[in-house]
Amino acid sequence: MVISESFYLREDTLSIAKELLGKYLFTNIDGAITGGMIVETEAYMGVKDASCHTFNNRKSAKNATMYEQGGVAYMYICYGIHDMLNLVTGQMGKSHVVLIRAIEPTDGIEKMIERRGNFSLKKLSNGPGSLAKALGLNKSFDKESLNSERLWLEDRGLILEESNIKITPRIGINCPEPFLTAPWRFLISGNTFVSRK
DNA sequence: TATGGGATTACCT
DNA sequence: GGTAATCCCATAC
């Protein structure tokens, strides 16, 4: 079942980030369907979060998509090289997003290996830049609906026990406390396709 | 108009 | 574990 817009429009971004674990993410590019199960996410909490691109109400062409109503993709290019997929959540103007950091590949694995250049299954999509490349995501997906012909998420009825979810500080950010170590990263405990334990 | 930095990755020892 | 790759835009002169 495709996840509907109401899922993303809720106000509790941390719950959304946690509930995205075990959901499925797919792209269909020129008829090639690729994707898998989300195993790692991070929440970025808008204008008050010092590590968020919209901190202090910053607004620019680069981050404008973050202020859209929940249910669209926000693509960010990091280090000029790596595309990353975020899901915008909440009402218009809230600028909360969830970064998808890793998936467990399930569909179109051959195609993903082709895009990545013969990587082992484990390293196919175990990081935000890697998974974007494996799924063929790039800046053209910025502002794309999360229920479109070429990008969508599915709930396949998998229910995770609370004890199978691990919560840690976010990876790779550089900002003051309390945001630096805020427990806003969620991963499936023991899953081997996460970027880091 | 010039400069610096970033939600990373891959390849080296 | 150390580091180069690589580019848009925010910030500073």
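Atoms considered below: every heavy atom in the structure, side chains included; atoms not considered: hydrogens, waters and symmetry mates. Letters A, B, ... are given to chains in the order of the sequence lines, protein chains preceding strands, and every chain is numbered from 1.
- Side-chain atoms of A:Glu42 come within 3.5 Å of backbone N or O of A:Ile171 as a donor-acceptor pair.
- Two residues, A:Ile77 and A:Arg116, neighbour DNA chain B, and the one matched to the more 5' nucleotide by heavy-atom proximity is A:Ile77.
- Rounded to the nearest Å, the gap between the C1' atom of B:dA10 and that of C:dC8 is 22 Å.
- Between A:His82 and the phosphate of B:dA7, there is no side-chain N or O to OP1/OP2 separation shorter than 4.0 Å.
- Between the P atoms of B:dT13 and C:dA5, the separation comes to 16 Å (whole Å).
- Going from atom CD of A:Glu42 over to atom C1' of B:dA7 covers 6 Å, rounded to whole Å.
- Within a 6.0 Å radius of CD in A:Glu149, no more than 12 heavy atoms belonging to other residues, nucleotides or ligands are found.
- No side-chain donor from either of A:Arg10 and A:Ser15 sits under 3.5 Å from a side-chain acceptor of the other.
- Side-chain N/O atoms of A:Asn147 and A:Ser145 include no donor and acceptor closer than 3.5 Å.
- Taking atom OH on A:Tyr76 and atom C1' on B:dG5, their separation rounds to 9 Å, with Å as the unit.
- Helical stems of DNA chain C (runs of at least 3 Watson-Crick or G-U pairs, donor-acceptor distances under 3.5 Å) are listed by first residue: B:1-6 with C:7-12, B:8-12 with C:1-5.
- Atom-to-atom, NZ of A:Lys62 to C1' of B:dG6 comes out at 7 Å; the value is rounded to the nearest Å.
- For the pair A:Glu68 (side chain) and A:Val88 (backbone), a donor-acceptor distance under 3.5 Å is absent.
- Listed for the A:Asn86 side chain is a donor-acceptor partner under 3.5 Å among the backbone atoms of A:Tyr74.
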Please walk me through it: do A:Lys18 and A:Glu162 pass salt bridge (charged side-chain N to carboxylate O under 4.0 Å, His left out)? CA-CA 10 Å; A:Lys18 186 157 83 169; A:Glu162 197 73 20; 2.7 Å; yes
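- A:Arg115 contributes a side-chain N or O that, together with a main-chain N or O of A:Ala134, makes up a donor-acceptor pair within less than 3.5 Å.
- Near DNA chain C, defined here as any heavy-atom distance below 4.0 Å, there are no residues from residues 171-197 of chain A.
- For the ring pair (Phe, Tyr, Trp, His ring centres under 6.0 Å) condition, no pair includes a residue of residues 173-197 of chain A, sequence neighbours left out.
- Distance alone, capped at 3.5 Å, is enough to place a donor-acceptor pair between the A:Asn63 side chain and the A:Arg58 backbone.
- Protein chain A contacts DNA chain C from C:dA5 to C:dT11, reading 5' to 3' and using non-hydrogen atoms of the protein with a distance under 4.0 Å.
- No hydrogens or angles considered: nothing links the side chains of A:Thr168 and A:Arg196 as a donor-acceptor pair under 3.5 Å.
- Annotation: A:Leu158, atom CG; neighbour count of heavy atoms from other residues, nucleotides and ligands within 6.0 Å is above 12.
- Judged by distance alone, the side chain of A:Arg116 and the main-chain N or O of A:Lys123 form a donor-acceptor pair under 3.5 Å.
- Across A:His53, A:Lys143, A:Glu144, a single residue satisfies side-chain contact (heavy atoms from CB on, under 4.5 Å) together with A:Thr65, and that is A:Lys143.
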Before giving the answer on side chain to side chain contact (heavy atoms under 4.5 Å, CB included), spell out for A:Leu135 and A:Ser125 the whole-Å C-alpha distance, their side-chain angles and the decisive distance to 0.1 Å. CA-CA 9 Å; A:Leu135 295 184; A:Ser125 53; over 6 Å; no
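- For residues 91-108 of chain A, proximity to DNA chain C is found at no residue, defined as any non-hydrogen atom under 4.0 angstrom from a strand atom.
- Taking atom CG on A:Asn63 and atom P on B:dA7, their separation rounds to 12 Å, with Å as the unit.
- Residue contacts for A:Tyr79: at a heavy-atom cut-off of 4.0 Å it reaches a base atom on one of the strands shown.
- Within the 3.5 Å criterion, the main-chain N or O of A:Ala43 finds no donor-acceptor partner in the side chain of A:Thr13.
- Taking a 4.0 Å limit (strictly below) on heavy-atom distances, residues 130-144 of chain A reaches DNA chain B at A:Ser130.
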